J.: 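One structure follows; several queries about it will come next.
No experiment lies behind these values; they were computed from the predicted model shown. Only this structure's heavy atoms are used, side chains among them; waters, hydrogens and symmetry mates stay out.
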Amino acid sequence: MSTQGTMVDTDLQSIQKLKTAFDSIKQQLNRVIVGQDLVIEELLIALFARGHCMLEGVPGLAKTLMISTLARCLSLDFSRIQFTPDLMPADITGTDFIEKNPATGTFELLFRPGPLFSNMVLADEINRTPPRTQAALLEAMQERQVSVGRVRHKLQSPFFVLATQNPIEQEGTYPPPEAQQDRFMFKVYVKYPSFKEEFEIARRTTGVAADDITPVLSGEQIIEIQQLVRKVPVTDHVIHYCLALVRQTRVGEPGVPKFVKDWLSWGAGPRAVQNLVLGGKARALLYGRSHVTTEDVKALAYPVLRHRLLCNFTAASEGVNTDTVVKKILEETPEKEGALTGDERFKKIFAS
């Protein structure tokens, strides 16, 4: 069975250090944030895989506090951009301006960086700003640079964008189209807390605040972790499993389940496979393992796929969303190698 990449002894030591750091980060965040352990884990996986995240949740679930606290844990520069309908691209990328040099008396063209020039950027309520400004953010996410005039300005590393969306209000908003959402590695749902968690939130936030955060990792260490993620080996079987999950979402392809044809009008592209593999590698490291399993892929199937599938009218009329589709795909996809490659339906999927 072939694998990608190799791990040496020094890397195995780094894995153990990362596992310890992961536990320390969760411990630090628990001083400020109650619950949301899965959300925190998915944010760290995206960061270590050099991806970006979109968070969706109703107001008041501490999304902004969670992200700013995480930046403090990781010793990263943090900036928050409140996206509004009148926000222009230059407001986030920066702009050129003319300034007189007092020494020479001449005028010089200088660049004033915008809030995108930070390690961790919170794009708050991204769906409230027009597509032109959203596009400027997407260039920064994809190319790790911003273009002002004819000059390209490189962004510092690590660079991590977290965009939030309010699912309640749709009037006067500009929801990012599916093609733009595909640039985000994960779409993470921030859900209501449990009764015990909400009780603890009420107790903590109405008393004397104590939120001293001790930094756990530096920017240089995060870059080293991002390089380590790429070295984690992955078997052909795990890649086949990722391909099986993604290729089943493509309507009209051979071997696609009937419920996919009934409920979806569009499926996920190759970027979904890449993110499942990279996310699986990062998750394996966080759990102290030097190899990826199908369990890692299953755990990340929802945040990777939910914003890359487009449900049709039939699905909407039946109360079906993309998470429902992902759940059924996971249930109908064998995890064991022989069962997957020997299944007649999946033979058609792999042969197409």
J.: At their closest point, which heavy atom of E318 faces which heavy atom of W263, and how far apart are they?
T.: OE1-NE1, 3.0 Å
J.: At what distance, to the nearest 0.5 angstrom, does CG of L116 lie from OG1 of T93?
T.: 7.0 Å
J.: Indicate yes or no for a side-chain donor-acceptor contact from S194 to the backbone of E197 under 3.5 Å, with no hydrogens or angles considered.
T.: yes
J.: As a quick check of understanding, evaluate side chain to side chain contact (heavy atoms under 4.5 Å, CB included) for Q36 and L29, giving each step before the final call.
T.: CA-CA 10 Å; Q36 306 295 359; L29 286 172; over 6 Å; no
J.: Between N321 and T324, is there a side-chain donor-acceptor contact under 3.5 Å, judged purely by atom types and distance?
T.: yes
J.: Kindly say whether A272 contributes a backbone atom to a donor-acceptor pair with the side chain of N275 at under 3.5 angstrom?
T.: no
J.: Specify the closest pair of heavy atoms between I45 and G279, including all atoms of both residues, with the distance to one decimal.
T.: CG2-O, 3.6 Å
J.: Quick check on the hydrophobic clustering: are L278 and M141 connected, directly or via other members, by side-chain heavy-atom contacts under 4.5 Å?
T.: no
J.: Under 3.5 Å, is there a donor-acceptor pair linking the side chains of Q248 and R250?
T.: no
J.: Work out which heavy atom in R345 is nearest to a heavy atom in V256; give both atom names and the distance.
T.: NH1-C, 4.5 Å
J.: Testing the basics here: between H237 and E335, what is the closest heavy-atom pair and its distance to 0.1 Å?
T.: NE2-O, 2.6 Å
J.: State whether R80 and D124 are salt-bridged, where the test is any N-O pair (Lys NZ or Arg NE/NH1/NH2 against Asp/Glu carboxylate O) under 4.0 Å.
T.: yes
J.: Hey, is K348 close enough to E253 for a salt bridge, meaning N to O under 4.0 Å?
T.: no
J.: Start with the C-alpha gap between L245 and T333, add the side-chain angles, then the distance that decides, and say whether side chain to side chain contact (heavy atoms under 4.5 Å, CB included) holds.
T.: CA-CA 7 Å; L245 295 178; T333 305; 3.7 Å; yes
J.: Is there a path of hydrophobic side-chain contacts, each under 4.5 Å between heavy atoms of I, L, V, M, F, W or Y residues, that connects F78 with V216?
T.: yes
J.: Nearest 0.5 Å, please: how far is OG1 in T294 from OH in Y241?
T.: 6.0 Å
J.: Kindly compute the distance separating CG (D96) from CG (L109), expressed to the nearest 0.5 Å.
T.: 4.5 Å
J.: Drop me the distance from I15's CD1 to T20's OG1, to the nearest 0.5 angstrom.
T.: 12.0 Å
J.: Is any side-chain heavy atom of V277 less than 4.5 Å from a side-chain heavy atom of V292?
T.: no
J.: Could you state whether L305 and F184 fall into the same hydrophobic cluster, counting links through intermediate Ile, Leu, Val, Met, Phe, Trp or Tyr residues with side-chain heavy atoms under 4.5 angstrom apart?
T.: no
J.: Would you check if the side chain of N127 reaches a backbone N or O of Y174 as a donor-acceptor pair within less than 3.5 Å?
T.: no
J.: Are L76 and L18 connected into the same hydrophobic cluster when the rule is that any two of I, L, V, M, F, W, Y join if their side-chain heavy atoms are below 4.5 Å apart?
T.: yes
J.: Do the side chain of E198 and the main chain of F195 share a donor and acceptor less than 3.5 angstrom apart?
T.: no
J.: Taking C-beta and beyond as the side chain, do V325 and T249 meet within less than 4.5 Å on heavy atoms?
T.: no
J.: Does R283 reach the side chain of E41, with side-chain heavy atoms less than 4.5 Å apart?
T.: yes
J.: Does the gap between the ring centers of F350 and H240 come in under 6.0 Å?
T.: yes
J.: Using 4.0 Å as the upper bound for N to carboxylate O, is an ion pair formed by K327 and D323?
T.: no
J.: Are the side chains of P176 and Q134 in contact, using a 4.5 Å heavy-atom criterion?
T.: yes
J.: So, taking the atom named NZ in K63 and the one named CG in L55, what distance separates them when rounded to the nearest 0.5 Å?
T.: 8.0 Å
J.: To the nearest 0.5 Å, what is the distance between CD1 on I349 and CG on D343?
T.: 8.0 Å
J.: Check F83 against T129 and note the closest heavy-atom contact, atom names and distance.
T.: CD2-CG2, 3.0 Å
J.: Let me check something: do F186 and V229 share a hydrophobic cluster, defined by ILVMFWY side-chain heavy atoms less than 4.5 Å apart, either directly or through other members?
T.: yes
J.: Determine, stepwise, if the pair F111 / F117 fulfils ring-ring contact (aromatic ring centres under 6.0 Å, His included).
T.: CA-CA 12 Å; F111 175 69; F117 286 81; 5.7 Å; yes
J.: Between S79 and P115 (side chain of the first, backbone of the second, donor and acceptor by atom type, cut-off under 3.5 Å), is there such a pair?
T.: yes
J.: Is it the case that the side chains of E56 and T164 hold a donor-acceptor pair, with the cut-off being a distance below 3.5 Å and no angle test?
T.: no
J.: Which heavy atom in S147 sits nearest to a heavy atom in R152, and how many Å separate them?
T.: OG-CG, 3.7 Å
J.: With the side chain counted from C-beta on, respond yes when L162 and M120 share a heavy-atom pair under 4.5 Å apart, and no when they do not.
T.: yes
J.: Please verify the inter-ring angle class for H52 with F160; under 30° counts as parallel, over 60° as perpendicular, anything in between as tilted.
T.: parallel
J.: Could you check whether any side-chain N or O of R132 sits under 3.5 Å from a backbone N or O of M88, counting only pairs where one atom can act as donor and the other as acceptor?
T.: no
J.: For side chain to side chain contact (heavy atoms under 4.5 Å, CB included), just list the numbers for K154 and R144, CA-CA rounded to whole Å, side-chain angles, deciding distance to a tenth of an Å, and then say yes or no.
T.: CA-CA 6 Å; K154 290 290 183 182; R144 312 272 168 164; 5.9 Å; no
J.: May I ask you to decide whether K281 forms a salt bridge with D296, counting only side-chain N to carboxylate O separations under 4.0 Å?
T.: no
J.: For Q27, is the CD atom crowded, meaning more than 12 foreign heavy atoms sit under 6.0 Å from it?
T.: no
J.: Mark yes or no: K261 above the aromatic ring of F259, with NZ or CZ under 6.0 Å from the six-membered ring centre and no more than 45 degrees from the axis.
T.: no
J.: So, E42 and Y302: side-chain donor and acceptor under 3.5 Å apart, yes or no?
T.: no
J.: Is there a donor-acceptor pair under 3.5 Å between the side chain of R308 and the backbone N or O of V304?
T.: yes
J.: Do the non-hydrogen side-chain atoms of S290 and V232 ever get within less than 4.5 Å of each other?
T.: no
J.: Using the side-chain hydrogen bond (donor to acceptor under 3.5 Å, both in side chains) rule, take E295 and Y287 through it: C-alpha gap first, then chi angles, then the decisive distance, then the call.
T.: CA-CA 12 Å; E295 281 299 318; Y287 280 80; over 6 Å; no
J.: Report yes if the side chains of V161 and L122 come closer than 4.5 Å at any heavy-atom pair, otherwise no.
T.: no
J.: Got a sec: does the CZ of F97 have more than 12 other heavy atoms crowding it under 6.0 Å?
T.: yes
J.: In sequence, state the C-alpha distance, the side-chain angles, and the governing distance for T235 and V238, and then conclude on side chain to side chain contact (heavy atoms under 4.5 Å, CB included).
T.: CA-CA 5 Å; T235 64; V238 171; 3.3 Å; yes
J.: Taking the side chain as everything from C-beta on, heavy atoms only, tell me whether L70 gets closer than 4.5 Å to L44.
T.: yes
J.: Should R204 and E200 be marked as a salt bridge (Lys or Arg N to Asp or Glu O under 4.0 Å) after you check the CA-CA gap, both sets of side-chain angles, and the distance that decides it?
T.: CA-CA 6 Å; R204 284 194 197 181; E200 183 63 19; 3.0 Å; yes
J.: Using a strict cut-off of less than 4.0 Å between a Lys/Arg side-chain nitrogen and an Asp/Glu carboxylate oxygen, indicate whether K258 and D262 qualify as a salt bridge.
T.: yes
J.: Checking side-chain polar atoms at under 3.5 Å, does E125 have a donor or acceptor matched by the opposite partner on Q82?
T.: yes
